[in-house]
Asker: 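Quick one: this structure, given as C-alpha cells, is what I'll be asking you about.
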Amino acid sequence: MAFVLPALPASVRVVEVGPRDGLQNEKVQVPTEQKIRFITQLAAAGLPVVEATSFVSPRAIPQLSDASAVMAGIQPLPSTMYPVLVPNMKGMERALAAGVRSIAVFTAASESFTRHNINMTIAESLEIFRPVVALAKREGMGVRGYISTVFGCPYEGDVDPHAVLAVARALLDMGIEELSLGDTIGVATPNQVYDVLALLMGEGAIPIDWLAVHFHDTRGTALANVLVALQMGIHSVDSSAGGLGGCPYAPGAAGNLATEDLLYMLHGMGIQTGVDLEKVVAATRTIAPYLGHMPTSKYFQAHEASSITA
Ligand code: HMG
Ligand code: MG
C-alpha cells in the first residue's frame, strides 16, 4: 500500500517579523543603526517582506520609539516590502511622514487581551482602523490585519473560533486584503489550526490566499502547526530571525517561530521560498550581541555550535 503525503504548496512567502515582533520584546534597547543593519541583511537574504518597526505609543513600546529613524535609514530593495504596525491615525500620520508604503493594523479575538494591548474594545479598535485603512487605500498602500489570541488568550483561556471569524469578517469588510492569524502566546496545537482554518475557509468563505499564520513557539508546537496549515493550503507564514520575540502584553509569550527553523523545514521538503538560509543566520549573528542572550532558533544554535567544533 502506498502512502502519500497530503499536497503541499510549491512555494511559501515568508514574512519576516523579527525587527518588529522580535525587537519589541527584547529587554534591551538595540541601537538604531544595528536595527537598520539587521533589516538590510534580512532583505538582502531574499525575504519578500521584512516588518520593520511599529508606529505605536513610545510609552507602550519604548524599544521601537526610534521608528522614524529606522525607516529613514533603510535603503529599500525593490524586491522587499517593509511594512510597519499602526494602531491609530496618529501612528498612520507618523508612518506616512516616514515614507512607509505598507502597514498592518492589529486587534484580537479576545476582549481582555485587546484592552491590555491597545486599551480598546475589539469594536472600538475596528472603528479606529476604518479611517486608517481607507487612507492607506487612497495612498495605494498594502494593508495587513493581525488577529491576536486566535488559539488562546493569556487572560481568558480558550477562544471560540467563531470570535476569530467575526473579527476576520470585519477586517476584510473594511478592505484589508491579508489576515495574519496570531498564536500570540504559543498555545496552539495542530488540531486547533485545522479547526480555525476550516471554519474561516468553510463557513467564512475566506479565500486561503488572504490568510497567513503567525505562531509563537512558546510550547514547541509552531512547526507542527505550520505543517498542518501548509497542508490546508496556507502559503504565507510569519517568522522571526533567530526566534526573537514575544509580546509585552502577553505574559509568557516566547519568541516567534524562528525564520531559520522554518526555512530549514520548508527547503528540506522541497518548498521554495527564495530566501537564503545562511544569509538569515548571518543577520541573526549580527543582532545577537545586542540582545544579551543566545537567540532561541534551533537551527541557528546548531549552526553556531558546529562552526565552533568544525
Ligand atoms: P492610549 O494610552 O489608550 O492612547 O494607548 P491615547 O490615544 O490616549 O494616547 C496616549 C498617549 O500616547 C498620548 O500622548 C498620545 O499622543 C500618544 P500624551 O498626550 O499622553 O503625551 N499616542 C501615540 N504616540 C505615538 N504614536 C502613536 C500614538 N498613539 C497615541 N501611534 C495605544 C492606545 C493604541 C496608542 C497604545 O496602547 C499602543 O500604542 N499600543 C501598542 C501596543 C503594541 O504595540 N503591542 C505589540 C504589538 S501587537 C503584537 O505583538 C501581536 C502580533 O505580533 C500578532 C500576535 O502575535 O498575536 C501582531
Ligand atoms: Mg506576534
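Start at 1 and go down the list; that is how both ligands and their atoms are numbered.
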Asker: Would you mind telling me if ligand 1 is within reach of the side chain of Ala60, the backbone, both or neither, using heavy atoms under 4.0 Å?
Answerer: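 Just the side chain.
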
Asker: Would you call Arg169 and Glu203 a salt bridge, using N to O less than 4.0 angstrom?
Answerer: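 Salt bridge between Arg169 and Glu203, a charged N being under 4.0 Å from a carboxylate O: no.
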
Asker: Heavy-atom contacts under 4.0 Å between Asn256 and ligand 1: side chain, backbone, both, or neither?
Answerer: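 Near ligand 1, Asn256 shows nothing, with every heavy atom at 4.0 Å or more.
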
Asker: List every atom of ligand 1 that sits less than 4.0 Å from any heavy atom of Arg59, numbering the atoms from 1 in the order shown and giving each element.
Answerer: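 With Arg59 as reference, the close atoms of ligand 1 come out as 11 (C), 14 (O), 18 (P), 20 (O), 21 (O).
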
Asker: Among Asn88, Val105, Leu85, Leu64, which one puts a heavy atom closest to atom 35 (C) of ligand 1?
Answerer: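 That would be Asn88.
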
Asker: Any nitrogen or oxygen of Gln24 lying under 3.5 Å from a nitrogen or oxygen in ligand 1? Just yes or no.
Answerer: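 Yes, at least one N or O pair falls under 3.5 Å.
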
Asker: Quick one: which ligand 1 atoms are inside 4.0 Å of a heavy atom on His214?
Answerer: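 Counting from 1, the qualifying ligand atoms are 53 (O), 54 (C), 55 (C), 56 (O).
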
Asker: Please identify which atoms of ligand 1 are closer than 4.0 Å to at least one heavy atom of Ile61.
Answerer: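 Answer, ordered by atom number: 43 (C), 44 (O), 45 (N).
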
Asker: Side chain or backbone of Pro87 under 4.0 Å from ligand 1, or both, or neither, by non-hydrogen atoms?
Answerer: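 Under 4.0 Å from ligand 1, Pro87 contributes side-chain atoms alone.
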
Asker: Decide if atom CZ of Phe106 counts as having more than 12 heavy atoms of other residues, nucleotides or ligands within a radius under 6.0 Å.
Answerer: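 Counting other residues, nucleotides and ligands, CZ of Phe106 exceeds 12 neighbours.
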
Asker: Can you tell me the N, O or S atom of Asp21 that's nearest the Mg ion (ligand 2)?
Answerer: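 Closest N, O or S atom of Asp21 to the Mg ion (ligand 2): OD2.
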
Asker: Would you mind listing which atoms of ligand 1 come within a distance below 4.0 Å of any non-hydrogen atom of His216?
Answerer: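 In order of number, 56 (O).
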
Asker: Pairs in or reaching into residues 83-102: which pass side chain to side chain donor-acceptor pair (under 3.5 Å), with residues at least two apart or in two chains?
Answerer: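 Of all non-adjacent pairs touching residues 83-102, none passes side chain to side chain donor-acceptor pair (under 3.5 Å).
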
Asker: Are Ser112 and Glu156 close enough that a side-chain donor and a side-chain acceptor fall under 3.5 Å?
Answerer: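 Per modelled atom types, Ser112 and Glu156 side chains form a pair under 3.5 Å.
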
Asker: From Leu211 CG over to Ile234 CD1, what is the distance, rounded to the nearest 0.5 angstrom?
Answerer: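 If we round to the nearest 0.5 Å, Leu211:CG and Ile234:CD1 are 5.0 Å apart.
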
Asker: Under 4.0 Å, counting heavy atoms only: does Pro58 come that close to any atom of ligand 1?
Answerer: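 Yes, that is the case, since the closest heavy atom of the residue is under 4.0 Å from the ligand.
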
Asker: I need the full list of side chain to side chain donor-acceptor pair (under 3.5 Å) pairs touching residues 235-244, with sequence neighbours left out, sorted by first then second residue.
Answerer: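 Sorted result for residues 235-244: Arg13-Ser236, Arg144-Asp238, Glu178-Ser236, Ser180-Asp238, Asp209-His235, His214-Asp238, Ser239-Thr259.
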
Asker: Can a donor-acceptor pair be found between the side chains of Arg20 and Gln24 at a distance below 3.5 Å?
Answerer: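 The criterion, which ignores hydrogens and geometry beyond distance, is satisfied for Gln24 and Arg20.
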
Asker: The Mg ion (ligand 2) to Asp238: any N/O/S contact under 2.8 Å?
Answerer: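 Asp238 does not place any N, O or S atom closer than 2.8 Å to the Mg ion (ligand 2).
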
Asker: Shortest non-hydrogen contact from Ala109 to Val164?
Answerer: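 That would be CB-CG2, 3.8 Å.
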
Asker: With a cut-off of 6.0 Å (strictly less than), are more than 12 heavy atoms of other residues, nucleotides or ligands near CD of Glu177?
Answerer: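 It does: Glu177 CD has more than 12 such atoms within range.
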
Asker: If you measure from CZ on Arg37 to OH on Tyr290, what distance do you get to the nearest 0.5 Å?
Answerer: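 Separation between the atoms: 6.5 Å.
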
Asker: Can you give me the closest heavy-atom contact between Ala283 and Phe38, atom names plus distance?
Answerer: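 Smallest interatomic distance, heavy atoms only, reads O-CD1, 3.5 Å.
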
Asker: Does Thr184, backbone or side chain, put an N or O under 3.5 Å from an N or O of ligand 1?
Answerer: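 Yes, Thr184 has an N/O under 3.5 Å of an N/O on ligand 1.
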
Asker: For Thr149 and ligand 1, does the shortest N/O to N/O distance drop below 3.5 Å?
Answerer: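 Between Thr149 and ligand 1 (N or O atoms, distance only) the closest approach is not under 3.5 Å.
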
Asker: Judging by distance only, is a nitrogen or oxygen of Val56 under 3.5 angstrom from one on ligand 1?
Answerer: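 Yes: some nitrogen or oxygen of Val56 is under 3.5 Å from one in ligand 1.
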
Asker: Within less than 4.0 angstrom of ligand 1, does Arg20 place any heavy atom?
Answerer: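 Heavy atoms of Arg20 do come under 4.0 Å of ligand 1.
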
Asker: By number and element, which atoms of ligand 1 are closer than 4.0 Å to a non-hydrogen atom of Phe55?
Answerer: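 Near Phe55, meaning under 4.0 Å from one of its heavy atoms, ligand 1 has 26 (N), 27 (C), 31 (N).
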
Asker: Rounded to 10 degrees, what angle sits at the Mg ion (ligand 2) between His214 NE2 and His216 NE2?
Answerer: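 NE2 of His214 and NE2 of His216 make an angle of 90° at the Mg ion (ligand 2), to the nearest 10°.
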
Asker: Flag yes if more than 12 heavy atoms outside Lys298 fall under 6.0 Å of its NZ atom; otherwise flag no.
Answerer: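 At most 12 heavy atoms, drawn from other residues, nucleotides or ligands, come within 6.0 Å of this atom.
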
Asker: Taking atom OH of Tyr82 and atom CG of Leu42, what is their separation to the nearest 0.5 Å?
Answerer: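 Between Tyr82 OH and Leu42 CG, I get 9.5 Å after rounding to 0.5 Å.
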
Asker: Which option out of Lys90, Gln63, Glu51 puts a heavy atom nearest to atom 15 (C) of ligand 1?
Answerer: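 The option holding the nearest heavy atom is Lys90.
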
Asker: Give the numbers and elements of all ligand 1 atoms closer than 4.0 Å to a heavy atom of Gly91.
Answerer: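 It comes down to these atoms of ligand 1: 31 (N).
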
Asker: Just jot down the ligand 1 atoms closer than 4.0 angstrom to any heavy atom of Asn119, in number order.
Answerer: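 The list of qualifying atoms is 1 (P), 3 (O).
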
Asker: If you round to the nearest 0.5 Å, how far is CG of Leu244 from CG of Asp21?
Answerer: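 Answer for the CG-CG pair, Asp21 versus Leu244, is 9.5 Å.
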
Asker: So which bit of Asp21 gets within less than 4.0 Å of ligand 1, heavy atoms only: side chain, backbone, both or neither?
Answerer: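 For Asp21, the contact with ligand 1 is made by the side chain alone.
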
Asker: For the 3.5 Å polar cut-off, considering only N or O atoms, please tell me whether Asn117 and ligand 1 meet it.
Answerer: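 Yes, at least one N or O pair falls under 3.5 Å.
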
Asker: Ligand 1 and Met120, any nitrogen or oxygen pair closer than 3.5 angstrom?
Answerer: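 In fact, backbone or side chain, Met120 has no N or O that close.
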
